[in-house]
Amino acid sequence: MLKELLNALLREINSEKLLPLPQNFYDTTLSYIHSLKLRISNEVGELQRKIWEEEIVLLEKTLSIVKSVRARKIMLEVMEGRPLEKLPPEEEVYYHDLRRALDHAKLEYAKTEVGIEEASPQEEGKVLLLLKRGLDVAFAERLGLPKLEAEDVIFINKRIGKVLIDLGIADEISAR
């Protein structure tokens, strides 16, 4: 098991992309660690007990590093707006929670920005924007826009355009 765990760690460190893991990767590793702990409590040989204790420490540290490296990669993928598929169940939950939190933060930011803009004098005019990535339905509705995809070009008022630019969702093409 230690060999498989180290191989997974080395592959993850040597790649910029998130690499696929077997669906039962974490479950298998944790089950093996648990079985070693049971053996330690039942084993009478001191030398074997010491060997298994050291193996458990190595396995737990390596697994922690694998989780950390993969969590960072998942976070970067979520921030870039790229969908991930075929993640182990533990990472799938993390991925969906992170996406939900980021979407919520974007909505709250948009509400704050729109609220601040409404309190200040209205910016007159329109702006032409090129979207870097698509808008999800809830976010688009909040801003009063239709569902938009990456590479769409829209002509909207400057206030909403500023929100999209500030969020890194769009680039300004021109303003009037």
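Because the structure is a prediction, the values reported are computed rather than measured.
Nearest heavy-atom pair, Pro20 versus Arg11, reported as atom, atom and distance to 0.1 Å: O-NH2, 3.2 Å. For the pair Arg70 and Pro88, the tightest heavy-atom approach, listed with the atom from each and the gap, is NH2-CD, 4.2 Å. Closest heavy-atom contact between Glu172 and Leu129: CA-CD2, 3.6 Å. Heavy-atom minimum distance, Gly161 versus Val127: CA-CG1, 4.0 Å. The two residues Leu58 and Thr62 come nearest to each other via the heavy atoms O-OG1, 2.7 Å. In terms of heavy atoms, Thr29 sits closest to Met1 at OG1-SD, 3.7 Å.
Residues Glu80 and Glu77 fail the side-chain proximity criterion, which asks for heavy atoms closer than 4.5 Å. You'll find the side chain of Ile154 reaches within 4.5 Å of the side chain of Leu164, heavy atoms only. Between Lys67 and Tyr26, some side-chain heavy-atom pair lies under the 4.5 Å cut-off. Put simply, the side chain of Ile56 reaches to within 4.5 Å of the side chain of Lys37, judged on heavy atoms. With contacts defined as side-chain heavy-atom distances shorter than 4.5 Å, the pair Leu98/Met75 qualifies.
A distance of 10.5 Å separates CD1 in Ile51 from CD1 in Ile40, rounded to the nearest 0.5 Å. Atom-to-atom distance recorded for Lys132:NZ and Glu151:CD is 11.5 Å, nearest 0.5 angstrom. Between the CG atom of Asp27 and the OH atom of Tyr32 there is a distance of 15.5 Å, given to the nearest 0.5 Å. Expressed to the nearest 0.5 Å, how far NZ of Lys158 lies from NZ of Lys162 amounts to 12.0 Å. To the nearest 0.5 angstrom, Leu148 atom CG is 8.5 Å from Ile156 atom CD1. Rounding to the nearest 0.5 Å places CG of Leu30 at 10.0 Å from CG of Leu59.
A donor-acceptor distance shorter than 3.5 angstrom exists from the side chain of Asp152 to the backbone of Glu149, with no hydrogens or angles considered. Side-chain N or O atoms of Lys73 include one that pairs as donor or acceptor with a backbone N or O of Lys17 at under 3.5 Å. Ser68 contributes no side-chain N or O that, together with a main-chain N or O of Ile65, makes up a donor-acceptor pair within less than 3.5 Å.
Under 3.5 Å, the side chains of Glu90 and Tyr95 contain no donor-acceptor pair of N or O atoms.
The hydrophobic cluster containing Leu2 also contains Leu9, counting ILVMFWY residues as joined when their side-chain heavy atoms lie under 4.5 angstrom apart, directly or transitively. There is a path of hydrophobic side-chain contacts, each under 4.5 Å, that joins Leu18 to Met79. When the side chains of ILVMFWY residues are joined at heavy-atom separations under 4.5 Å, either directly or via intervening members, Leu63 and Leu36 end up in a single hydrophobic cluster. Grouping the Ile, Leu, Val, Met, Phe, Trp and Tyr side chains by contacts below 4.5 angstrom, directly or via other members, places Leu87 apart from Leu21. Hydrophobic clustering of Ile, Leu, Val, Met, Phe, Trp and Tyr side chains at less than 4.5 Å, counting indirect connections, keeps Leu19 apart from Val78.
Ionic pairing of Lys3 and Glu55 is not present here: no N-O contact between side-chain nitrogen and carboxylate oxygen is shorter than 4.0 angstrom.
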